[in-house]
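Worksheet: one structure, shown below.
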2 protein chains.
Amino acid sequence: MQLTTRDRLLDAAEELFATHGYDGASLRDIAGVAKVPFGLATYYFGTKEELFRQVVARRADEHIGEMTAALDATVTHAAPGPPAIEELVRAFFAPMVEKLSQRGPGWRNYMQLLARAANIKQEQAFLKPFQQLYDPVRVRFVDIAATIYPLAPREHVLWASHFLNAAIIQFIAGEGSIDRLSGGHCRANDLDGIMRTMVPYFSGGFRALLESATQGEN
Amino acid sequence: MQLTTRDRLLDAAEELFATHGYDGASLRDIAGVAKVPFGLATYYFGTKEELFRQVVARRADEHIGEMTAALDATVTHAAPGPPAIEELVRAFFAPMVEKLSQRGPGWRNYMQLLARAANIKQEQAFLKPFQQLYDPVRVRFVDIAATIYPLAPREHVLWASHFLNAAIIQFIAGEGSIDRLSGGHCRANDLDGIMRTMVPYFSGGFRALLESATQGEN
DNA sequence: GTCTATAATGAGATAGAC
DNA sequence: GTCTATCTCATTATAGAC
């Protein structure tokens, strides 16, 4: 099956935005990787910003939908009680890790682009709506976690959830550094190893911070 | 006291590299922020890459030295036994958090630049030595953690340490997102709040993953 | 409708003025 | 020794050829 020129450009842009960042990837490079004459990029997308937007739009809905469904599933499975923290943590990580390692280079690139774009400050205002796309699913996570630890102060639930999110974001963005540091003993694309360590680790974090329920605010 | 032109350029570069990234910050913008005529950047530093290198070099040694000293101190204080995991985690976080919130905008910018530069892939080979500057102190952390959990497989100690590092990196880089998500209840520059939550959280993660010592490799 | 050649801007680096 | 005006190249966007 033959990919359309448009899709080839989107794939190439996804790859180069992920590896070189928005500013580091030029339309020329993108067209080169897509093996498409330079100039078609602006023909199809008008501006570089719009190309970026469409790269994101192509996958964001599916990704966010999967994450939300996975979180909701933990609630329905455990009803009427709250889910175990392990199940919630697993539901948060699994869709990301799976896309990172089992859904081909496109999704992998998208995940890295996502991780990169998570830390943008004032510049590039066109990225802001994209950042905020993911806020609802993150809030959903916090809300479910709060039902597991109803006595814990919400600030602590928020911090605990933030650390979880920070770790997965950086795990994706900083891929390769674990391989280097471990001398090859750990591999960032070892799906099973990641889940077997991340889930107990972060569940343990939640327990340690939030189970001492009444320590309150002071 | 009057800052030299050179230092003004370094400060401005530090700020713009941190906020806009390497590619996103132009020498013109940097000179503008420094209120210095454009062209002096290349006069003092030759190339943009060299300017970046000197921005890093100005602080890296001090930062890495402080981190190493803090880690080593936990060992000497606890000798002959290993330190408590809480003390080790605190020693890892404290110098970063302190620089982020109490040492002025220069250090703050440097920390964000550092967090950004942690996830670079093939491009920009001149950044690689900088990334690897921090490898020894990360290895030192792993080695100390391994003395606390001598029965745990080293792979698990590496993963646990990696998550810790990932979380602090992304916490720094993604600053502000906790503020937005929490509706202002949590603030990323709340030093005490951060340490009071991060330390038990990540210590709990280490305990949960590594204390079930004999689960082995399978 | 697809694509190509060109324009216009902004980048980093340099040679030469004060 | 400091700084400025200029050069060359790469970037995005466009106007016009197939």
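Quantities reported herein were computed from a predicted structural model and do not represent experimental measurements. Computed over heavy atoms, backbone and side chain alike; hydrogens, waters and symmetry mates excluded.
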Rounded distance [0.5 Å steps], CZ in B:Phe206 versus CD1 in B:Ile148: 8.0 Å

Length of the CZ-C1' vector between B:Phe45 and D:dT2, whole Å: 14 Å

B:Leu27 side-chain proximity, nearest of C:dC3, C:dG12, D:dT14: C:dG12

Straight-line distance of B:Leu158 CG to B:Asn165 CG, nearest 0.5 Å: 12.0 Å

Sugar-phosphate, base or nothing in reach of B:Tyr44, heavy atoms under 4.0 Å: sugar-phosphate

Derivation and outcome, ring pair (Phe, Tyr, Trp, His ring centres under 6.0 Å), residues B:Phe93 and B:Phe202: CA-CA 10 Å; B:Phe93 285 147; B:Phe202 285 96; 5.6 Å; yes

Geometric class of the A:Tyr110/A:His63 ring pair [parallel <30°, tilted 30-60°, perpendicular >60°]: perpendicular

D:dT11 phosphate, OP1 or OP2, under 4.0 Å from A:Ser26 side-chain N/O: yes

Whole-Å distance separating the CZ atom of B:Arg8 from the P atom of D:dT2: 15 Å

Distance, rounded to the nearest Å, where A:Lys48 contributes NZ and C:dT9 contributes P: 19 Å

Any B:Tyr43 side-chain N or O less than 4.0 Å from OP1/OP2 of D:dC3: no

Spacing of B:Glu50 atom CD relative to C:dG12 atom P, expressed in whole Å: 15 Å

Value in whole Å for how far the P atom of C:dT6 lies from CZ of A:Phe38: 14 Å

Spacing between A:Leu16 atom CG and D:dT11 atom P, to the nearest angstrom: 12 Å

Proximity to the side chain of B:Arg28 - top-ranked nucleotide from D:dA13, C:dA11, D:dT4: C:dA11

From C:dA13, D:dT14, D:dC3, nucleotide with atom closest to A:Thr42 side chain: D:dT14

Interatomic distance where CG belongs to B:Leu9 and C1' belongs to D:dC3 [whole Å]: 12 Å

Separation of atom CZ in B:Phe52 from atom C1' in C:dG12, rounded to whole Å: 17 Å

Check ion pair A:Arg196-B:Glu155 (N to O, under 4.0 angstrom): no

Sugar-phosphate only, base, or nothing, as touched by B:Leu40 at under 4.0 Å among non-hydrogen atoms: base

